[in-house]
Amino acid sequence: EVGILAKSYIDQGRLIPDDVMTRLMLSELKGLDRYNWLLDGFPRTVAQAEALDKECKIDTVIDLDVPFETIKCRLTARWIHPASGRVYNLEFSPPKVQGIDDITGEPLVQRDDDKPETVTKRLQAYDAQTKPVLEYYREKGLLKSFSGTETNKIWPHIYAFLQTKLPDVSQKDADTPR
């Protein structure tokens, strides 16, 4: 039920309201207190961060500082095969035939939330709501920022940093961005 509600906001290019997102995330985190875990894209507002802090001890917050134009180009170049979930990117992982799934020969589609106008709205909303979250964690001494435009150039720095936080991470994972 919460997922369907969340999808309706995403399809409109809007961010999910704090109460809905927080309820969804905190229910998923229950029982994970004995594990190390990484959240991607949450919290996005100070209210979400405060709610998370009440329930969980946060050790580190990583900020991937990537220019919006880079993000927009990557997202708007993404096309999917709906039946299988296969994802193509026209820039770095294109289908063999443009607009056609490599395996089935069926048409590819662009998700509503990957269309340029929707991506632009989402990035603007994200920027307005997330800058205060970064400041919130910076003031707590938990924020570490990494800047760049390419995963292969940013990942080694992130991995080295994570090794200081999670020294038991295996070396074989070093070459595999997550």
Side-chain angles (χ1 to χ4, degrees), residues 1-29 37-52 61-138 143-155 157-158 177-178:
E1 182 181 317
V2 175
I4 292 169
L5 179 60
K7 184 178 180 339
S8 71
Y9 286 96
I10 292 168
D11 289 347
Q12 297 170 42
R14 297 169 53 202
L15 295 179
I16 301 166
D18 286 341
D19 63 320
V20 175
M21 193 68 206
T22 301
R23 188 175 44 169
L24 181 67
M25 292 302 299
L26 291 180
S27 70
E28 290 295 318
L29 292 173
W37 40 263
L38 175 73
L39 299 177
D40 180 7
F42 180 86
R44 288 192 178 168
T45 67
V46 172
Q48 290 175 2
E50 290 170 343
L52 180 63
V61 175
I62 296 175
D63 170 36
L64 299 181
D65 183 18
V66 179
F68 279 179
E69 199 53 42
T70 300
I71 297 169
K72 184 176 176 182
C73 286
R74 287 195 187 152
L75 290 177
T76 58
R78 185 167 60 182
W79 289 74
I80 64 164
H81 178 249
S84 69
R86 272 185 292 283
V87 178
Y88 298 89
N89 187 291
L90 302 181
E91 293 181 17
F92 56 83
S93 179
K96 294 173 186 168
V97 176
Q98 188 171 348
I100 303 295
D101 180 59
D102 289 349
I103 296 172
T104 66
E106 296 170 342
L108 300 176
V109 299
Q110 189 173 43
R111 296 179 351 186
D112 287 340
D113 58 331
D114 287 344
K115 293 182 178 172
E117 60 279 0
T118 306
V119 169
T120 298
K121 283 171 57 176
R122 286 176 60 210
L123 287 173
Q124 289 169 343
Y126 177 83
D127 187 49
Q129 292 183 0
T130 302
K131 280 187 180 176
V133 175
L134 297 178
E135 189 54 37
Y136 173 84
Y137 285 117
R138 184 177 288 111
L143 185 69
K144 177 71 174 169
S145 291
F146 298 91
S147 298
T149 59
E150 298 176 39
T151 303
N152 292 341
K153 291 183 180 176
I154 296 175
W155 173 245
H157 301 285
I158 296 169
R178 304 280 180 219

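Below, each value reflects all heavy atoms present in this structure, side chains not excepted, and no hydrogens, waters or symmetry copies.
Ion pair E135/R138 flagged as a salt bridge, since at least one NZ, NE, NH1 or NH2 atom sits closer than 4.0 Å to an Asp/Glu carboxylate oxygen.
A donor-acceptor contact shorter than 3.5 Å links the side chain of T22 to the backbone of D18. Between the side chain of D114 and the backbone N or O of W79, no donor-acceptor pair lies under 3.5 Å. Checking side-chain atoms of T76 against main-chain N and O of P116 turns up no donor-acceptor pair under 3.5 Å. For E28 (side chain) and L24 (main-chain N/O), no donor-acceptor pair under 3.5 Å exists by modelled atom type. A donor-acceptor contact shorter than 3.5 Å is absent between the side chain of T130 and the backbone of D127. A donor-acceptor pair is defined here as one N or O able to donate and one able to accept, closer than 3.5 Å; no such pair exists between the side chain of T120 and the backbone of E117.
Here the straight-line distance linking atom CG of L64 with atom NZ of K144 works out to 12.5 Å at 0.5 Å rounding. Rounding to the nearest 0.5 Å places CD of Q12 at 10.0 Å from OG1 of T118. Note that the SG atom of C73 and the CG atom of L90 stand 11.5 Å from one another [nearest 0.5 Å]. Taking CZ of R23 as the start and CD1 of I16 as the end, the distance is 11.0 Å to the nearest 0.5 Å. Interatomic distance, K7 NZ to D113 CG, rounded to the nearest 0.5 Å: 7.5 Å.
For D102 against K96, the heavy-atom pair with the smallest separation is OD1-N, 2.7 Å. Scanning all heavy atoms of the two residues, the minimum distance from R78 to Q110 falls at O-CG, 3.7 Å. When every heavy atom of E106 is checked against every heavy atom of A83, the shortest pair comes out as OE1-CB, 4.4 Å. The two residues A51 and L26 have their closest heavy-atom pair at O-CD1, 4.2 Å. When every heavy atom of D65 is checked against every heavy atom of S147, the shortest pair comes out as OD2-OG, 3.1 Å. In terms of heavy atoms, Y88 sits closest to D101 at OH-OD1, 2.6 Å.
Residues L5 and S8 have side chains in contact (heavy-atom distance under 4.5 Å, counting atoms from C-beta outward). Within the 4.5 Å cutoff, side-chain heavy atoms of P95 are placed close to those of L108. When side chains are defined from C-beta on, R86 counts as touching T104, because their heavy atoms get closer than 4.5 Å. Between R44 and M21 there is no side-chain heavy-atom pair separated by less than 4.5 Å.
Here the options are L52, V61, I62, the test is side chain to side chain contact (heavy atoms under 4.5 Å, CB included), and the partner is L39; only L52 passes.
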